[in-house]
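Below you'll find the structure, written out as structure tokens, and then a few comments.
What you see is a predicted model, and the numbers here were worked out from it, not measured in a lab. Numbering starts at 1 and runs along the sequence shown.
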Amino acid sequence: MSGRTLNLGELAHIVGRGNNARSPRGEHPLDRAQRENPDNLMLLCADQHDEVDAASVLDLFTVEKLRRIKQEHEDRIRHVTGLGSDRATTVVRMVGSVHGNQVELSRQTAAAALIAGNRYPLFLESYARHGLEIDLRGVPGESLAVPCAASRAADSRAYYGIATQLVDDVIERQLRPGIMRDAVRHVSVFGFARLPLLVHLGSRLDDTVPTDIYQRHREDESWVWREEDGLAPSFAARVDHDVPAGSDAVVVINVSGAIGVQEVPVSLRGMRRWEIRPVGAPTGPDIMRARGCLERFTGALRGFFAELEAEAKTLERLHVLPALPMSAAVVLGRVHHPQVHPQLVVYERLTGRYVPTLEIGGGSGAGVGTVAGSAGGSSERAV
């Protein structure tokens, strides 16, 4: 015995070899001479072969259904094998809980979204053989409802300290070495987590590597980008509270929802405030349907930060109140540059009000997205 595990297949007939009731689906009018042709054969494992040919399920596994299964499988394989090496992408998945809710984000789910977008996935293997997966579901406080302000602040500091370190470990120990040895030439990001952590993830992604970011769509629970429908909005920033910018200012990003002026923390209401929102379209949770919509949001963010560079020379900290799709939160972290732009103080809605949870950047001279405890210095911390 070799001890090896082998995949064994059996050739199964769609229309049975014989033309009688004893041969599964054998009474079909297909000519006997054509029953050994490849078009009438499927490769199945032994258990599947027995199941498909069982007399009790012949009404389910009809000739038409088996032909359709065979055709869909062959079409998928033809599509995947037709993709060139330049269409390969390394998959990074980050999975957590949002307001106690979780989603399914398996390798298969990510692969299906990539293949639909004409890419094929590469999964850098981790010790658990799940690829680059940042699993936040076991972090203490991930789903905890904090009852009062004092314990909320303490829990937030502890949670974000552990969670950001988990993100950094995967980036530094797995993704970055792959980039350094030229095994990673393109990255695809799938994230379902609290918005501040998605901003943090975006800040840690290498901006020299082409990166695609995917969005989960509530309407069908998929991660596949839609075709552009011509109605996807653009985005613009405007001054919402026009006072001179000091060392601190506020930006309210209303995309997946709307944060009202009355929800802005009292301590921030006297500051200069910008708002970023869709142009000529309402905000909504499924606004980010098409990849082009995310690209337009990215362009609006770049323009906004360029405006800050030109007009707000004294600005040191930008307080961010986000109502964002998760893909857009990752984009926010990627667009922000800590050596050029003011420090981001990212807020989160906890127990009915917005509180600061994470600081990103801050002009310490450290590398992009570097956090306390990393090799590059200390430019990020939990609040």
Side-chain angles (χ1 to χ4, degrees), residues 94-103 134-168 191-204 216 218 240-241 248-271 273-277 283-285 317-333 336 342-362 371-372 380-383:
M94 184 161 82
V95 188
S97 299
V98 178
H99 304 303
N101 299 316
Q102 299 180 9
V103 300
I134 305 168
D135 191 347
L136 302 166
R137 290 167 292 188
V139 176
E142 173 69 14
S143 302
L144 184 64
V146 184
C148 67
S151 57
R152 177 178 60 225
D155 177 73
S156 177
R157 283 192 297 271
Y159 169 79
Y160 279 102
I162 296 171
T164 53
Q165 190 60 56
L166 185 60
V167 174
D168 297 340
F192 186 90
R194 297 185 186 182
L195 292 183
L197 281 178
L198 292 166
V199 179
H200 172 69
L201 174 64
S203 74
R204 299 309 319 275
R216 181 179 181 271
R218 293 189 183 186
D240 192 39
H241 184 54
D248 289 70
V250 181
V251 60
V252 179
I253 311 180
N254 287 328
V255 176
S256 60
I259 301 171
V261 173
Q262 72 280 2
E263 297 179 89
V264 176
V266 174
S267 60
L268 306 181
R269 292 182 187 175
M271 301 176 185
R273 184 172 67 246
W274 285 268
E275 181 192 28
I276 300 175
R277 65 176 301 117
T283 62
R317 283 172 300 279
L318 184 65
H319 301 262
V320 181
L321 276 64
L324 280 175
M326 294 185 185
S327 58
V330 180
V331 165
L332 174 58
H336 175 261
Q343 180 185 58
L344 299 183
V345 183
V346 185
Y347 285 63
E348 182 179 19
R349 188 176 179 86
L350 295 173
T351 62
R353 67 187 184 93
Y354 283 91
V355 297
T357 54
L358 204 61
E359 295 177 0
I360 297 177
V371 301
E380 181 173 319
R381 63 184 176 88
V383 177

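- Inter-residue side-chain proximity for L358 and V199 is flagged as unmet; no heavy-atom pair is nearer than 4.5 Å.
- Checking side-chain atoms of R353 against main-chain N and O of P265 turns up no donor-acceptor pair under 3.5 Å.
- Here the straight-line distance linking atom CE of M271 with atom CG of D248 works out to 4.5 Å at 0.5 Å rounding.
- Residues L195 and L198 have side chains in contact (heavy-atom distance under 4.5 Å, counting atoms from C-beta outward).
- At distances below 3.5 Å, at least one donor-acceptor pair connects side-chain atoms of H336 with backbone N or O atoms of P342.
- Distance check, rounded to the nearest 0.5 Å: CE of M94 to CG of D135 gives 11.0 Å.
- More than 12 heavy atoms of other residues, nucleotides or ligands shown are found within 6.0 angstrom of CZ on R269.
- Summarising the geometry of Y347 relative to P196, their closest heavy-atom pair is O-CG, 4.2 Å, with the distance given to 0.1 Å.
- Between the CZ atom of R194 and the CZ atom of R349 there is a distance of 14.5 Å, given to the nearest 0.5 Å.
- Listed here is the closest heavy atom pair of L197 and A163: CD1-CB, 3.6 Å.
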Self-check item: Test side chain to side chain contact (heavy atoms under 4.5 Å, CB included) applied to Y354 and V264, step by step
Solution: CA-CA 7 Å; Y354 283 91; V264 176; over 6 Å; no
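- Considering CG of L166 and CG of L201, their distance stands at 11.0 Å, rounded to 0.5 Å.
- Closest of all the heavy-atom pairs between P356 and V345 is CB-CG1, 3.8 Å.
- L344 CG to H200 NE2: the interatomic distance, rounded to the nearest 0.5 Å, is 13.0 Å.
- The nearest pair of heavy atoms linking L136 to G96 is CB-CA, 4.0 Å.
- In this structure, OH on Y159 lies 8.0 Å from CD on E348, to the nearest 0.5 angstrom.
- Pairing each heavy atom of V255 with each of P325, the nearest pair is CG1-CD, 3.6 Å.
- Each of I259, V320, I276 was compared with V252 under the side-chain contact (heavy atoms from CB on, under 4.5 Å) criterion, and only I259 meets it.
- Contact detail for A323 and A258: the closest heavy-atom pair is CB-N, 4.5 Å.
- In this structure, T357 contributes its side chain and V346 its backbone to a donor-acceptor pair below 3.5 Å.
- Of the possible donor and acceptor atoms, one in the side chain of Q343 sits under 3.5 Å from a partner among the backbone N and O of G361.
- With a 4.5 Å cut-off on side-chain heavy atoms, I253 and L332 count as touching.
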